[in-house]
Amino acid sequence: MATLVRTLGRQCLLQRQSIFGGKRVAMASSAYEEMRSFWEKNRQLNRPLSPFLTVYKPHLAMMTSLTHRVTGVVMQCSVAAISITLLLLPGDFTTYLEMIRNLNLSPIIIYGAKIVLAFPVTYHFLNGIRHLAWDAGMGFELKTLYKTGYFVMGLTALVVSYFVFGL
């Protein structure tokens, strides 16, 4: 059945080609030939194999936006994982908090954990305000983008240090 459909289809195409101009057009080349011609053209033009690092050079606006997205995803996954874990564990929250206090951890570990917890929340909140300003159509000038980006980073460092060290 498939052979019959293929044969009839070819006959229809050949008749159609003869009606519209009379010359036969070769079918598309194989994937191997297409790939070979693509790489040959790239070699002739001296194009890099990966344009990512040459075309997309990291800049402040890109990095602050990426960090905003990453902190949002990390916080969401962390809150969901911690909530489900606390729901499934037999004790209550205060029991586990007391267990952590009784470990007598080094201040370096405690401050490090506080920074890991405070940074995503603070940065995401402050940069979210910046994104809301963008949604309102403000702050798109290049000079303003850099000023607000550095301001958010500096204010994040200040607020996180206040939360962690109580300065």
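Position 1 is the first residue of the sequence; numbering continues from there. Bear in mind the structure is a predicted one, so any value in this text is a computation, not a measurement.
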- Query: Would you call the rings of Phe119 and Tyr123 parallel, tilted or perpendicular, where under 30° means parallel and over 60° means perpendicular?
  - Reply: parallel

- Message: Once you measure the plane-to-plane angle for His124 and His68, does it fall in the parallel (<30°), tilted (30-60°) or perpendicular (>60°) bin?
- Response: parallel

- Query: Should Met153 and Phe163 be regarded as members of a common hydrophobic cluster, given that ILVMFWY residues are connected when their side-chain heavy atoms come within less than 4.5 Å of each other, either directly or indirectly?
  - Reply: no

- Message: Would you say Trp39 ends up clustered with Leu45 if hydrophobic residues are merged whenever their side chains have heavy atoms under 4.5 Å apart, either directly or through other cluster members?
- Response: no

- Heavy-atom nearest pair, Ala81 first then Thr85, reads O-OG1, 2.7 Å

- Item | Point-to-point distance, once rounded to the nearest 0.5 Å, from CZ of Phe151 to CZ of Arg130 | 11.5 Å

- Can you name the nearest heavy-atom pair linking Asn127 to Thr64, along with the distance? ND2-O, 3.4 Å

- Message: Is there a path of hydrophobic side-chain contacts, each under 4.5 Å between heavy atoms of I/L/V/M/F/W/Y residues, joining Tyr150 to Val152?
- Response: no

- Listed by chain and number, what are the side chain to side chain donor-acceptor pair (under 3.5 Å) partners of Ser65, not counting sequence neighbours? none

- Provide the closest heavy-atom pair for Tyr96 versus Pro90 in the form atom of the first, atom of the second, distance. OH-CD, 3.5 Å

- So how far is it from Thr94 OG1 to Arg101 CZ, rounded to the nearest 0.5 Å? 9.5 Å

- Rounded distance (nearest 0.5 Å) linking atom SG of Cys77 with atom CD1 of Ile82: 11.0 Å

- Query: Mind checking whether Tyr146 and Ile129 sit in one hydrophobic cluster, side chains of I, L, V, M, F, W, Y counted as touching below 4.5 Å?
  - Reply: no

- Query: Got a second to check how far Leu60's CG is from Lys147's NZ, nearest 0.5 Å?
  - Reply: 13.5 Å

- In terms of heavy-atom contacts, does CZ of Phe93 have more than 12 from other residues, nucleotides or ligands at under 6.0 Å? no

- How long is the gap from OH on Tyr111 to OG on Ser161, to the nearest 0.5 Å? 12.0 Å

- Query: With the 4.5 Å side-chain cut-off for hydrophobic clustering, are Phe165 and Val160 part of the same group?
  - Reply: yes

- For Leu87, the other hydrophobic cluster members (4.5 Å side-chain criterion, sorted by chain and number) are none

- To the nearest 0.5 Å, atom CE of Met138 lies from atom CG of Leu132 at 9.5 Å

- Note on the structure: Closest non-hydrogen contact found for Ala118 with Val164 is CB-CG2, 4.4 Å

- Nearest heavy-atom approach of Thr148 to Leu145 is OG1-O, 3.1 Å

